[in-house]
Amino acid sequence: MSKPFASSTDLEEKRSTLQELAPGVVAYTAEGDPNVGAVIGDDAVLAIDARATPVLAKEWLDELRGITDKPVRYLFLTHYHAVRVLGASAFDAEWVIAHEGTRRWILERGEQDFESETRRFPRLFRDVESIPGLTHPNVAFAHSLRLDLGGREVELHHVGRGHTAGDACVWLPEERILFSGDLVEARAAPYMGDAFIEEWSTATLDRLEALGPKTIVPGRGPAATGEAIPETREYLLTLWDAVRGAHRRGGTLKDVFETARAALEPRFGDWWIFEHCLPFNVARARDEVEGHPPQVWTAEKDAAVWTELQS
Ligand SMILES: [Zn+2]
């Protein structure tokens, strides 16, 4: 029996919760939907990810206005995914900041990703017509960037490729708080369709772990402890090992998929978006085993992979 495409039938609204993790450090988590956050200085606010549409971004900004009236001068994008970036216009930020890989991928595949993501998860794109077009950062960095928000310094780091070619995180060394973007998830399946899996599951997560975070605001799921890093790694490696093994034995993509499902389901089957991610994750892992770079997901490729694997 075929499963409904991706999250096209996930229509139940989630409740977002504002949580002050330390004075002026805010997470807005959403029961497994994409999280956002903010850091408040004496002079300015840094907003972390934008949500999918300006209307949804405005709802979050209204909540934020309950605790600060400082201007949001900086908007930081943890990576290029439409669901994270297309609400950007609501912030009216002077500086829209991202890693160079994110800037490049928005130019290269932002349009296709916009279409793919809205079809995969329409609920997250409420009021999609309020999106004025793609979001392009006006500041891009290669390794690290330090921002002074007034009485508070914030570090932005690219610690390697992982979930995409351009992931970067927000690190607050004093509070030991990490906003990881989708490099780390908490009780949600990591999406690997655009991933560099070998690098993500080794060097990139090693570097995040080496920061020694006390609190992590993951891409999805509730604010977590450092434990979210090994848990995310365990999911990645379980899938990666299963796919490599089945591929070596000469299995078809469907065989590889069933092997991966059997390996993952007992431990991770109840994580958010488990079924949604699985076909795209397996397809990408098979491509990486064969030495291919991440493909550009179009509506047609999405549908073909889903039909082949989830039916
Ligand atoms: Zn993402």
Side-chain angles (χ1 to χ4, degrees), residues 6-7 10 14 27-37 47-53 56-57 75-88 97-99 101-106 108-125 131 134-135 137 156 158-170 178-197 199-201 204-205 208 216-221 228-229 232-233 235-236 239 271-274 276-281 283-285 294-297 302:
S7 295
D10 174 350
K14 298 284 180 79
Y28 195 53
T29 61
E31 300 184 313
D33 280 355
N35 296 331
V36 292
I48 303 161
D49 280 337
R51 307 187 101 191
T53 69
L56 290 168
L75 171 63
F76 171 62
L77 309 173
T78 59
H79 60 287
Y80 90 108
H81 280 145
V83 77
R84 305 262 162 200
V85 307
L86 293 179
I97 306 168
H99 180 255
T102 287
R103 191 194 69 83
R104 195 162 32 83
W105 270 24
I106 289 171
E108 179 191 299
R109 54 182 74 193
E111 276 303 344
Q112 292 92 332
D113 180 66
F114 180 11
E115 191 190 352
S116 157
E117 286 196 52
T118 48
R119 285 171 187 254
R120 288 183 187 183
F121 216 144
R123 176 171 61 77
L124 296 180
F125 288 84
I131 296 171
L134 295 184
T135 299
L156 309 179
H158 169 71
V159 296
R161 296 178 304 181
H163 172 69
T164 68
D167 306 286
C169 61
V170 177
L178 174 71
F179 289 84
S180 66
D182 280 328
L183 285 174
V184 181
E185 309 292 10
R187 302 200 53 74
Y191 174 68
M192 299 156 72
D194 292 324
F196 295 82
I197 300 164
E199 192 172 332
W200 184 2
S201 61
T204 298
L205 287 185
L208 282 186
I216 298 177
V217 180
R220 291 171 181 262
I229 297 175
T232 299
R233 196 197 304 262
Y235 176 104
L236 298 176
L239 187 140
W271 282 16
W272 284 299
I273 62 171
F274 178 80
H276 170 131
C277 289
L278 197 54
F280 307 115
N281 289 359
R284 169 62 198 135
Q295 63 169 309
V296 178
W297 289 99
D302 278 11

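When a ligand or atom number is given, it counts from 1 through the structure's own listing order.
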Do R120's NZ or CZ and the ring of W297 fall within the cation-pi criteria of under 6.0 Å and 45°? yes
Does NZ or CZ of R51 fall inside the cone over F125's six-membered ring, less than 6.0 Å from its centre and within 45° of the axis? no
Close aromatic pair by centroid cut-off 6.0 Å: F196 and H163: no
Kindly say whether the aromatic ring centers of H99 and H79 come within a distance under 6.0 Å. no
Below 30° counts as parallel, above 60° as perpendicular, anything between as tilted: where do the rings of Y191 and F280 land? perpendicular
How many angstroms lie between atom CZ of R233 and atom CG of L208, to the nearest 0.5 angstrom? 9.0 Å
Keeping to distances under 2.8 Å, can you name the protein N/O/S atoms close to the Zn ion (ligand 1)? H79 NE2, H81 ND1, H163 NE2, D182 OD2
